[in-house]
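Everything below concerns the one structure shown next.
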Number of protein chains: 2
Amino acid sequence: MKYIDKLRISGLRPTKQRIQICEVLFNTEKTFHFTINELEQKIRNKKGNKISLATVYNTVHAFEKNGYLKRIPLNSNQTYFDTNVTNHHHFYDLKEEKLIDLENSDVGPISIKRKINGKKIKSVEVLVKLED
Amino acid sequence: MKYIDKLRISGLRPTKQRIQICEVLFNTEKTFHFTINELEQKIRNKKGNKISLATVYNTVHAFEKNGYLKRIPLNSNQTYFDTNVTNHHHFYDLKEEKLIDLENSDVGPISIKRKINGKKIKSVEVLVKLED
DNA sequence: AGTGTAGTTTATAATGGTTCTAAATAAGTG
DNA sequence: CACTTATTTAGAACCATTATAAACTACACT
């Protein structure tokens, strides 16, 4: 099982639940965005069984901490996650309330000319809001 | 009173509460970031009286709709607003959990090379996360 | 294989920011 | 002043998320 090593490397025991969540999140051709609730639905549909909501939260947070998932900065009542952890940006369609990936090559280089003493830049994220 | 006209122009009746909120938000040299709770505290301290939390929410949302305030896209359990409604970007200090303004001139021009059919760009917002 | 320990899952409760409700109050209009 | 409509308010409701604590499971060690 390919996910067992992935989990072990991060010090996470390869439990049935975590492997199932891996299969839903990472066994796809395309990366995607999701909320915790959407993920829980997806697990229920794809695997035909249910994983406790608390476990879904725990697992997603563990995956985020280990760099397998990214949180998308966005104003919403729900938190959006992204299975695409490479450097990239997002369109946000205000009408449809949908996120669309912007490949890194879709956005020109961004230069930040200001420095803050003692701090270094961890990430630069661009959100492009779309209207009709 | 300078805020009465501002309110009237937007079709908002210039009530005592709205004027007091204007004074706290806009009667300052520098713009600033705030959450609803911080604003409510500030009103209590500066004006010595209290405005119902519901009214603070209503007013901030009304001001946002009329372009007097901007919501900052950021992952947080609380919503952050900005009294600086000009085009600009933000640092987010992960350790201190603090926002810092980036002047527009601090960020080089950003070119978005991809188009979405039927949609136009409303805004481009950059969030630069800082770590130690 | 059996045992012990630490990690994990789970249902459920608690938390906390935000929104809703409906009654009281205030502003604008004639 | 009388009337209509907007606004304020306290409190309830909502809902995503986090905490709790008991049951369960993985794993290391004999």
Side-chain angles (χ1 to χ4, degrees), chain A residues 1 3-25 33-44 47 49-66 68-69 71-81 97 99, chain B residues 1 3-25 33-44 47 49-66 68-69 71-81 97 99:
Chain A
M1 311 295 225
Y3 298 119
I4 290 179
D5 291 339
K6 180 172 186 159
L7 290 167
R8 264 196 232 283
I9 287 166
S10 305
L12 298 170
R13 289 190 181 170
T15 62
K16 183 162 52 81
Q17 291 86 345
R18 284 177 178 158
I19 292 169
Q20 287 187 351
I21 293 174
C22 278
E23 284 165 353
V24 171
L25 288 178
H33 312 120
F34 65 91
T35 63
I36 298 285
N37 271 298
E38 288 167 2
L39 178 56
E40 210 240 346
Q41 279 304 312
K42 211 167 199 166
I43 294 162
R44 216 189 283 260
K47 318 297 292 184
N49 60 0
K50 128 179 210 309
I51 295 177
S52 160
L53 192 57
T55 301
V56 180
Y57 272 99
N58 289 340
T59 304
V60 166
H61 291 159
F63 287 2
E64 183 196 8
K65 191 175 295 174
N66 286 285
Y68 302 142
L69 290 173
R71 205 177 278 246
I72 304 170
L74 181 70
N75 279 113
S76 169
N77 50 332
Q78 291 173 86
T79 302
Y80 277 81
F81 291 92
E97 297 187 7
L99 282 163
Chain B
M1 310 295 228
Y3 298 120
I4 290 179
D5 290 339
K6 180 172 183 158
L7 290 166
R8 263 196 233 283
I9 286 165
S10 304
L12 298 169
R13 288 186 182 173
T15 63
K16 182 161 54 80
Q17 290 87 345
R18 284 178 178 157
I19 291 168
Q20 288 187 351
I21 293 175
C22 277
E23 283 164 353
V24 172
L25 289 178
H33 312 120
F34 65 92
T35 63
I36 297 284
N37 272 298
E38 288 167 0
L39 178 57
E40 210 240 347
Q41 280 304 312
K42 212 167 201 167
I43 293 162
R44 218 189 282 258
K47 318 296 293 184
N49 60 0
K50 131 178 209 309
I51 294 176
S52 161
L53 193 57
T55 301
V56 180
Y57 271 99
N58 289 340
T59 304
V60 165
H61 291 160
F63 286 1
E64 184 195 9
K65 191 175 297 175
N66 286 284
Y68 301 142
L69 290 173
R71 203 178 280 244
I72 303 170
L74 180 70
N75 279 114
S76 170
N77 51 332
Q78 292 172 86
T79 302
Y80 277 81
F81 291 91
E97 298 187 8
L99 282 163

_How long is the straight-line distance from OH of B:Tyr80 back to CD of B:Glu97, given to the nearest 0.5 Å?_
7.0 Å
*Can you measure from CD1 (A:Ile51) to CG (A:Asn58) and round to the nearest 0.5 angstrom?*
11.5 Å
*asked:* Tell me the interatomic distance from A:Leu7, atom CG, to D:dT25, atom P, rounded to whole angstroms.
replied: 18 Å
*Mind running a 4.0 Å heavy-atom check of residues 11-23 of chain A against DNA chain C and sending the residues that fall below it, in number order?*
A:Leu12, A:Arg13, A:Thr15, A:Gln17, A:Arg18
*Could you list the residues that satisfy side chain to side chain contact (heavy atoms under 4.5 Å, CB included) with B:Asn75, not counting sequence neighbours?*
A:Arg71, A:Pro73, A:Thr79
*Can you tell me the distance, in whole Å, between the CD1 atom of A:Ile51 and the P atom of D:dT25?*
14 Å
_Nearest heavy-atom neighbours spanning B:His61 and B:Phe81_ = CD2-CZ, 4.3 Å
*Report the distance from atom NZ of B:Lys65 to atom C1' of C:dT19, rounded to the nearest whole Å.*
14 Å
*Are B:Lys42 and B:Glu38 within salt-bridge range, i.e. N to O under 4.0 Å?*
no
*Does A:Ser52 place a side-chain N or O at less than 4.0 Å from the phosphate oxygens OP1/OP2 of C:dT9?*
no
Show me, pair by pair, the donor-acceptor contacts under 3.5 angstrom made by side chains of residues 12-24 of chain A, not counting sequence neighbours?
unit_1: A:Thr15; atom_1: OG1; unit_2: A:Arg18; atom_2: N; d: 3.2
unit_1: A:Arg18; atom_1: NH1; unit_2: A:Arg13; atom_2: O; d: 3.0
unit_1: A:Glu23; atom_1: OE1; unit_2: A:Lys47; atom_2: NZ; d: 2.4

_the helix from C:dA1-D:dT30 to C:dG30-D:dC1: angle between end helix axes, five pairs per end, rounded to 10 degrees_ = 30°
*Could I get the full list of ring-ring contact (aromatic ring centres under 6.0 Å, His included) partners for B:Tyr3, not counting sequence neighbours?*
none
_Treating A:Tyr68 as the side-chain partner and A:Leu25 as the backbone partner, does any N or O pair qualify as donor plus acceptor under 3.5 Å?_
no
_Heavy-atom pair of closest approach, residues A:Glu40 and A:Leu53_ = CG-CD1, 4.0 Å
*Roughly, in whole Å, what's the span from CZ in A:Arg44 to P in C:dT10?*
12 Å
*May I have the distance from A:Leu74 (atom CG) to D:dA16 (atom P), rounded to whole angstrom?*
15 Å
*Are any of A:Arg8's side-chain N or O atoms less than 4.0 Å away from OP1 or OP2 of D:dC27?*
yes
*So do B:Phe34 and B:Leu99 actually touch side chain to side chain, heavy atoms under 4.5 Å?*
no
_Can you measure A:Asn58 atom CG to C:dT10 atom P for me and round it to whole angstrom units?_
10 Å
*For B:Glu38 and C:dT18, what is the distance between atoms CD and P respectively, to the nearest whole Å?*
11 Å
Polar-atom pairs under 3.5 Å, protein N or O versus N or O of nucleotides 17-20 of chain D: list them with distances, or write none.
unit_1: D:dT17; atom_1: OP1; unit_2: A:Thr79; atom_2: N; d: 2.8
unit_1: D:dT17; atom_1: OP1; unit_2: A:Thr79; atom_2: OG1; d: 2.7
unit_1: D:dT17; atom_1: OP2; unit_2: A:Tyr57; atom_2: OH; d: 2.7
unit_1: D:dT17; atom_1: O5'; unit_2: A:Tyr57; atom_2: OH; d: 3.3

_Gap between atoms CD and P, on B:Glu40 and C:dG16 respectively (whole Å)_ = 16 Å
_Distance in Å, A:Thr59 OG1 paired with A:Ile43 CD1, rounded so as to fall on 0.5 Å steps_ = 8.0 Å
*side-chain N/O A:Lys50 vs C:dT9 OP1/OP2, d < 4.0 Å*: no
